[in-house]
Amino acid sequence: MNIISLSRRTLFKGSALLLASTALPRFTFAQSGSRLVVAADSEPRNLNPAIVASNGVFFISSKVIEPLAEASFDGGGDGEGGLAPRLATSWEGSDDGLSATFKLREGVKWHDGQPFTSADVAFSALQVWKPLQNLGRLVFANLEAVDTPDDHTAVFRFAKPTPFQLIRNALPVVSSVVAKHIFEGEADIAASEANNKLVGTGPFRFAEHRPGEYYRLERNPDYWGEGEPKLDEIIFRVLPDRAAAAGALEAGEIQLAAFSQVPLTDLDRISKVPGIEVYSKGYEALTYQLGVEINHRRAELANVRVRQAIAHAIDRDFVVRTIFLGYAETATGIVPKNAPEFYNGDVPLHPFDVDKANALLDEAGYPRKDGGARFALRLLPAPYFTETRQFGDYLRQALAAVGIDATVVNNDAAAHQKAVYTDHDFDLAVAPTVFRGDPAISTTILVRSGTPAGVPFSNQGGYENKEIDALIDKAGETVDTAARTALYKQLQVLVAEDLPIINVADWGFITVASSQVKNVSNNPRWAVSSWADTELDA
Amino acid sequence: MNRALRLLRRRLISSIPVLLIVIVGAFFLLELAPGDAADAYLLSIGGGDPALVQALRQSYGLEGSTLSRLWLYLTSLARFDLGWSVTFNRPIAGLIAERLPNTLWLMVGAVGLSFTAGSLLGIVAGSKPGSWRDRLLSTGSLALYAVPSFWLGLVLIVLFSVQLRWFPTSGIETIASGKQGLARARDIAWHLALPVAALGLIYLALFLRMMRAGMAEAWRQDYALAARARGIGPARIAVFHIARNALLPLVTMLGLHAASMLGGSVVIESVFAIPGFGRLAQEAVAGRDAPLLTGIILVSAVLVILVNLAVDMAYAFLDPRVGANEVVA
């Protein structure tokens with residue numbers, strides 16, 4: 001339409017339509033102040049991050065309870081290792097690896113008004129992290145005492161030399177500080193009511209939990225960060241159905257969904273919706289790894305040629321392209337590229353090559369029988385992610401192409417845990433393991449021999465390699481950072497050669513948010529960090 | 001004694017062994033599922049060490065044999081104690097009391113919708129079998145019946161929440177709205193509109209087709225012919241003579257479908273994020289929480305028994321022949 005011919009009537013009709021469209025009943029919950037509504041897909045049984053160090057718990061609790069330091073893109077703090085100060089302002093390990101000194105932030109108050117002191121840190125470390133926390137039990141196994149020469153200094157003393165590199169890398173995950181005065185009198189800290197009514201030092205105070213509906217956090221007016229927090233309220237809405245999260249975002253009922261709660265298949269569509277942004281950053285320090293776990297008790301699989309053949313049968317690029325729709329990277333080994341401090345890409349690779357896989361299997365003494373199959377396997381994909389299940393289906397086909405007849409066995413989470421990690425009733429399993437900042441935390445356990453049955457995400461395939469075990473043990477007590485790093489680089493070579501586990505892809509998650517939300521994904525653990533600087537534009 | 005009361009007493013007594021069988025069955029079924037509460041919890045926290053696994057199992061009371069745990073459960077049940085949920089770390093009775101109302105509202109709404117709309121449309125379809133109205137309604141309802149409820153739920157969300165923005169996508173009420181009384185009831189009803197529709201529309205087809213069949217059949221009955229001979233208009237015959245008779249089997253159906261609707265609500269509650277009974281059951285299974293699941297199944301069984309009892313009473317009221325033989329016995 002030409003501008004001159006625009007009559008008064010059409011002009012009026014047009015503006016009436018515009019008015020009508022803004023008057024559509026929108027229930028973006030009346031924005032009193034700034035309330036950020038976020039999708040949450042689970043309600044942890046124990047919300048205390050000092051006891052349960054897991055992403056599901058951190059997602060909510062990290063806004064209330066703070067660690068000594070947080071992961072950072074630009075370093076900060078001591079200027080190395082990508083750490084930013086939180087409750088600690090500086091940290092230093094002794095040369096002999098027997099102590100670590102933390103300078104603590106001054107003028108910090110708990111949400112109930114009590115002052116935060118080094119006594120809280122000592123209590124958290126000795127009474128909670130070391131005896132109770134699922135990951136702290138490992139990192140602080142040799143912690144003997146915590147000296148508190150003054151209110152703002154905590155000196156960790158270790159019975160055996162403990163690499164400071166490990167402590168430093170573990171800080172964001174294992175060092176959530178809880179208040180001594182809250183838990184001190186409890187007979188059983190793990191069962192305390194206080195675990196679900198968190199009192200912390202963080203930018204937000206715990207306000208309310210309506211089971212099955214939401215968690216509500218409100219602004220901490222006494223927060224130590226200047227001008228922080230920027231939000232008045234955060235609400236975590238429990239939305240168990242992933243498809244529903246995308247709808248709630250589009251309808252404006254929630255402003256943010258993290259941890260790929262909007263399914264990858266919906267991303268293309270939702271990224272075109274005006275006012276919605278898709279972020280693939282902010283998960284670098286929470287990289288998940290897609291790996292094939294192997295039961296080495298099976299004669300066929302104990303043969304390294306067979307494992308190499310399986311590795312050659314997998315088209316990693318195809319997996320990244322079709323299953324992860326490009327939101328992943330092909331893996332070279334047990335340390336992801338997102339951990340540059342330790343990553344070693346200079347390892348034997350096993351590129352996609354069906355002919356080579358077939359040749360290796362022939363060489364190993366498993367020729368094709370009548371019907372084309374060499375032998376049969378039971379394949380158990382972990383049920384936790386759509387992608388692990390999809391990869392299970394892909395792997396069955398990829399194995400069929402080289403004459404291995406795999407039967408996919410689908411279990412729910414508890415049954416999978418029992419079958420693979422307790423009963424060892426599997427041949428191959430698909431596992432999503434997590435790299436948590438340092439190989440000693442949750443990676444070496446995948447290949448170290450001697451793990452008792454029942455421990456998830458560990459070497460339950462019965463793999464045993466003296467050389468690898470010795471290397472892991474040596475790295476565990478090597479205090480010198482450079483030497484320790486070198487040992488882990490060497491470990492990656494050994495693992496890639498002998499393939500106790502076959503790594504296929506490394507992936508992070510996706511955050512989808514309204515463009516009103518500012519400062520999203522600005523650290524490598526953003527979804528599980530404090531959100532003190534997160535803002536909501538009106 | 002009134003025959004209805006006698007029927008009531010007899011049915012209540014006979015339901016006790018039924019409940020016992022249900023409890024023991026549920027307990028053993030979950031026992032058969034591989035993995036226990038400690039396994040489920042360990043996975044949800046992303047792993048731990050062997051000592052932690054051991055400690056968990058001990059604190060969850062998973063050390064004893066199945067039979068000893070069943071006995072423990074039954075004895076506490078005899079004291080009207082439903083036990084402690086390990087997945088939620090709370091008493092089970094409280095959990096159930098919190099979640100049951102949401103599901104009851106959903107079910108009452110869905111039953112109401114499918115029964116009323118189903119029987120009314122069934123009258124329309126059945127009053128002139130073979131007409132275009134009948135064909136349209138029959139095919140339409142069949143198509144609805146063939147649709148999975150979660151898909152119908154998602155379609156309703158996309159259409160009425162995302163596109164038109166008439167209804168909320170999920171939840172049972174506006175978050176932290178502070179609404180009370182009537183305003184809160186309105187808010188809940190508004191949130192329940194789509195889930196009720198998603199659950200009710202599927203069952204509508206059953207009632208419609210049953211009513212239609214009953215109506216179509218009754219037109220050929222002598223009393224209908226007699227009524228026509230007396231010169232009564234077809235509309236009046238349809239509503240006052242035939243529909244009343246055709247309604248009886250629908251009442252039976254109502255009881256039968258109360259149970260399956262409870263199952264259907266699991267899916268609807270997940271899609272619409274309603275903190276209800278069905279989702280609680282799903283979480284109990286995922287967490288391998290045997291006492292919680294058994295408690296849920298027990299309360300559901302009581303619910304189904306009560307609904308069927310109410311249906312029988314209604315039936316006895318509608319049809320004097322029901323229970324008449326027991327006067328002699």
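What you are looking at is a predicted structure, and each value in this text was computed from that prediction instead of being measured. Within every chain, numbering begins at 1; the chains are lettered A, B, ... in the order of the sequence lines, protein sequences first and strands thereafter.
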**Item:** Which atoms of B:Q54 approach chain A - backbone, side chain, both or neither, heavy atom under 4.5 Å
**Value:** neither
**Message:** Is B:L154 in contact with chain A via its backbone, its side chain, both, or neither, using a 4.5 Å heavy-atom distance?
**Reply:** side chain
**Under 4.5 Å from a heavy atom of chain B, the part of A:P44 involved** = neither
**Message:** Less than 4.5 Å to any heavy atom of chain A: does that hold for the side chain of B:V271, its backbone, both, or neither?
**Reply:** both
**Message:** If we define contacts as heavy-atom pairs under 4.5 Å, which of B:A38, B:G35, B:G287, B:S44 has the most with chain A?
**Reply:** B:G35
**Prompt:** Is the shortest side-chain N to carboxylate O distance from A:K418 to A:D412 below 4.0 Å?
**Reply:** no
**Fill in**
Ranked by heavy-atom pairs below 4.5 Å to chain A, first place among B:I172, B:V53, B:L43 goes to B:L43
**Asked** When you look at CZ of A:R269, are more than 12 heavy atoms from neighbouring residues, nucleotides or ligands closer to it than 6.0 Å?
**Response** yes
**Request:** Identify which of A:S458, A:S54, A:S42, A:S442 forms the greatest number of heavy-atom pairs closer than 4.5 Å to chain B.
**Result:** A:S54
**Item:** Proximal component of A:R216, with respect to chain B [non-hydrogen, under 4.5 Å]
**Value:** side chain
**Message:** Does any backbone or side-chain atom of A:T433 lie under 4.5 Å from a heavy atom of chain B? Answer side chain, backbone, both or neither.
**Reply:** neither
**Request:** List for me each residue that meets side-chain contact (heavy atoms from CB on, under 4.5 Å) alongside B:E283, sequence neighbours excluded, and say none if there are none.
**Result:** B:F88, B:R99, B:R279
**Item:** Engaged part of B:F272 at the chain A interface, taking heavy atoms whose separation is under 4.5 Å
**Value:** neither
**Message:** Please classify the contact between A:V238 and chain B as side chain, backbone, both or neither, with a heavy-atom cut-off of under 4.5 Å.
**Reply:** both
**Prompt:** Under a 4.5 Å cut-off applied to non-hydrogen side-chain atoms, are B:N89 and B:W84 in contact?
**Reply:** yes
**Request:** Against chain B, label A:Q133 side chain, backbone, both or neither, depending on which of its atoms sit under 4.5 Å from a heavy atom there.
**Result:** neither
**Geometric class of the A:H416/A:Y384 ring pair [parallel <30°, tilted 30-60°, perpendicular >60°]** = perpendicular
**A:R242 bridged to A:D266 by N-O distance under 4.0 Å** = no
**Message:** Under a plain distance cut-off of 3.5 Å, with no hydrogens placed, do A:Q460 and A:H424 share a side-chain donor-acceptor pair?
**Reply:** yes
**chain A contact via B:A51 - which portion, at a heavy-atom distance below 4.5 Å** = both
**Prompt:** Once the angle between the rings of B:W166 and B:F160 is folded into 0 to 90°, is it parallel (under 30°), tilted (30 to 60°) or perpendicular (over 60°)?
**Reply:** tilted
**Region of A:A53 that comes under 4.5 Å of a non-hydrogen atom in chain B** = backbone
**Message:** Is a donor from one side chain sitting under 3.5 angstrom from an acceptor on the other, for A:T451 and A:N459?
**Reply:** no
**Message:** Quick one, B:V24 and B:F28 - any side-chain contact, counting heavy atoms below 4.5 Å?
**Reply:** yes
**Region of A:L239 that comes under 4.5 Å of a non-hydrogen atom in chain B** = both
**Request:** Look at B:A286, B:S170, B:A273 and state which one has the largest set of heavy-atom pairs under 4.5 Å with chain A.
**Result:** B:S170
